[in-house]
Each structure stands twice: as C-alpha cells, then as structure tokens.
Amino acid sequence: HELGGMPLKLVPVPGGPCVLVTSNGYTEHFLAVFDVSQSKVVQRVPIKEGWLGLAVSTDGRRVYASGGSQDRILLFDFIDNRLVEAGEITLDAGTFPAGLQLNRGGTRLYAVANTADALLQIDLKAREVTARFPVGVRPYACVLSADEKMAYVSNWGEDSVALIDMEAGKTIGNIKSSDRPNDLGLT
C-alpha cells in the first residue's frame, strides 16, 4: 500500500529516476516520490486534500499539485529527489482544481475547475488567474496541443471534450465522447 488507496496521477520528473504520484482516495491524501531505480517510495508528503492534478516543470525543479476542495494549487520545489513545500496559489471558493497542465515555457499553469465548470489560466509569476474559459459539466483533465494553440478539457459530467482556441481566447465547441471521459492524451 505504498501508493495509498487511490493513486490518481503519476508524472515522471525530467532528467532523473523519479516519478511523482498523487494519491487522493478514501484514505490519507499525499504526494509520493517513487524512485524507479530502487522500485520504492522514497518520500511521502501528506496533504490536507488533493484531486488528480499534478504537473512538473520541464527542468524538474518545480511541482504543482491540485488541492481539491481546499481551492488551491500546492507548490513544491524538487531538490535532491525530495519535495520541499514552496507555497500555494489560492483560487476562488468553489473552484475545486482537478487536472493541471503547464505550458512549454513554464510561465502558465492551466487548472481544470471541476465544480466551477471552467479551465483557468494562471500566471505563475503573479500567482493569479488571468483567464477563465467556460467548459462543460464537471471537467476533469486538460491537455494543450503541441503548438499550444488549442486546449482540450474532458467534461466528465456531460460525456464530451471541450475545445478551446487559446489564440482567440474562447471555447469553440464540444466533441461528444463515451461515458465519463477523464484523462486525456494527444499523440
């Protein structure tokens, strides 16, 4: 049970042997550092609450984790294969951040607002929301296209994927999907 009752997301840390895990189920919520070379959890960081969202900067030095109903994004530095608390980004009440996605430059974080039915664009230097895109019911995860011109958000509560034109700054439609779309990946 090293990874808890409900590990929701695993993200590799660039340039090293570690994978980060967020476990946010029916038992204790925590983040874990799993060292693949040792095949074991080398650190476990309890958090008050989380839900799915986990992102790592391209240099592997900054980690972002969703804080669920605490309406915040938790920040960590990743130093010597260990998570070190580095503050938080407070969001509006009722946001419930779920899936997270960083832009390539590491200047913006996109957070799916699960109970606010939106995708939030967060300026990481200012640590504030700079744009809000309406999406479908109970959105879950997001992904950016390779050129970052489009964002896609799974609408878990209405069986669709929202399409957001990032250059125009607006939601342009929905693609119907099968039951309860959750995580997304582009190839």
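Computed over heavy atoms, backbone and side chain alike; hydrogens, waters and symmetry mates excluded.
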Q) So, are E2 and K40 salt-bridged, with charged N and O less than 4.0 Å apart? A) no
Q.
The test is side-chain contact (heavy atoms from CB on, under 4.5 Å); show your working for Y110 and I122 and say whether it passes.
A. CA-CA 6 Å; Y110 294 91; I122 300 168; over 6 Å; no
(Q) With heavy-atom distances below 4.5 Å as the criterion, would you say the side chains of F76 and R61 are in contact? (A) no
**Q.** Interatomic distance, F78 atom CZ to L20 atom CG [nearest 0.5 angstrom]
**A.** 5.5 Å
Q | Rounded distance [0.5 Å steps], CD in Q101 versus CD in Q121 | A | 12.5 Å
Q: Side-chain contact test, heavy atoms from C-beta onward, threshold under 4.5 Å: evaluate it for D165 versus M150 and give yes or no.
A: yes
Q.
Is it the case that the side chains of N155 and S160 hold a donor-acceptor pair, with the cut-off being a distance below 3.5 Å and no angle test?
A. yes
Q | Listed once per pair and sorted, the salt bridge (charged side-chain N to carboxylate O under 4.0 Å, His left out) pairs that draw on residues 64-89, sequence neighbours left out | A | R62-D77, R72-E88
Q | ILVMFWY network linking L3 to M6, side-chain heavy atoms under 4.5 angstrom | A | no
Q. Do the numbers put R138 on top of the ring of W156, so that NZ or CZ is under 6.0 Å from the six-membered ring centre and no more than 45° off the axis?
A. no
Q) If you measure from CG on L31 to CG on L54, what distance do you get to the nearest 0.5 Å? A) 6.5 Å
Q. What is the minimum heavy-atom distance between L184 and S154, and which atoms define it?
A. CD1-N, 3.5 Å
Q.
What verdict does the side-chain contact (heavy atoms from CB on, under 4.5 Å) test give for T171 and L163, after you've listed the backbone C-alpha separation in whole Å, the side-chain angles of each residue and the deciding distance to 0.1 Å?
A. CA-CA 6 Å; T171 305; L163 309 172; over 6 Å; no
Q. Would you say the side-chain atoms of E148 pair up with the backbone N or O of R104, donor to acceptor, closer than 3.5 Å?
A. yes
Q. Checking E49 side chain against G68 main chain: does a donor-acceptor pair fall under 3.5 Å?
A. no
(Q) side-chain contact (heavy atoms from CB on, under 4.5 Å), that's the test. Do D123 and T107 meet it? Break it down for me. (A) CA-CA 6 Å; D123 178 303; T107 58; over 6 Å; no
Q: Could you go through the side-chain contact (heavy atoms from CB on, under 4.5 Å) check for Y64 and L124 one step at a time?
A: CA-CA 11 Å; Y64 304 89; L124 290 174; 3.4 Å; yes
Q: Determine yes or no for a side-chain-to-main-chain donor-acceptor pair under 3.5 angstrom, with T115 supplying the side chain and G94 the backbone.
A: yes
Q: Using atom types as modelled and distance alone, determine if a side-chain donor or acceptor of N114 lies under 3.5 Å from a backbone N or O of Y140.
A: no
**Q.** Nearest heavy atoms of P97 and G67, plus distance in Å
**A.** CG-N, 3.9 Å
Q. With distance as the sole test, does D35 use its side chain to make a donor-acceptor pair with the main-chain N or O of V42 at under 3.5 Å?
A. no
(Q) Taking salt bridge (charged side-chain N to carboxylate O under 4.0 Å, His left out) as the cut-off, I'd like each qualifying pair that reaches into residues 16-30, sequence neighbours left out, listed once. (A) E28-R44
Q | Gap between atom SG of C142 and atom OH of Y152 - 0.5 Å precision | A | 12.5 Å
**Q.** Any V33 side-chain heavy atom under 4.5 Å of V41 side chain
**A.** no
**Q.** Heavy-atom check, side chain of I89 versus side chain of L74, under 4.5 Å
**A.** no
Q. Counting only N and O atoms by type, is there a donor-acceptor contact under 3.5 Å from the side chain of S66 to the main-chain atoms of G50?
A. no
Q: Would you mind listing the cluster partners of V84? Hydrophobic ones only (ILVMFWY), side-chain contacts under 4.5 Å, chaining allowed.
A: I79
Q) Between atom CZ of R132 and atom OG1 of T95, what is the distance when rounded to the nearest 0.5 Å? A) 6.5 Å
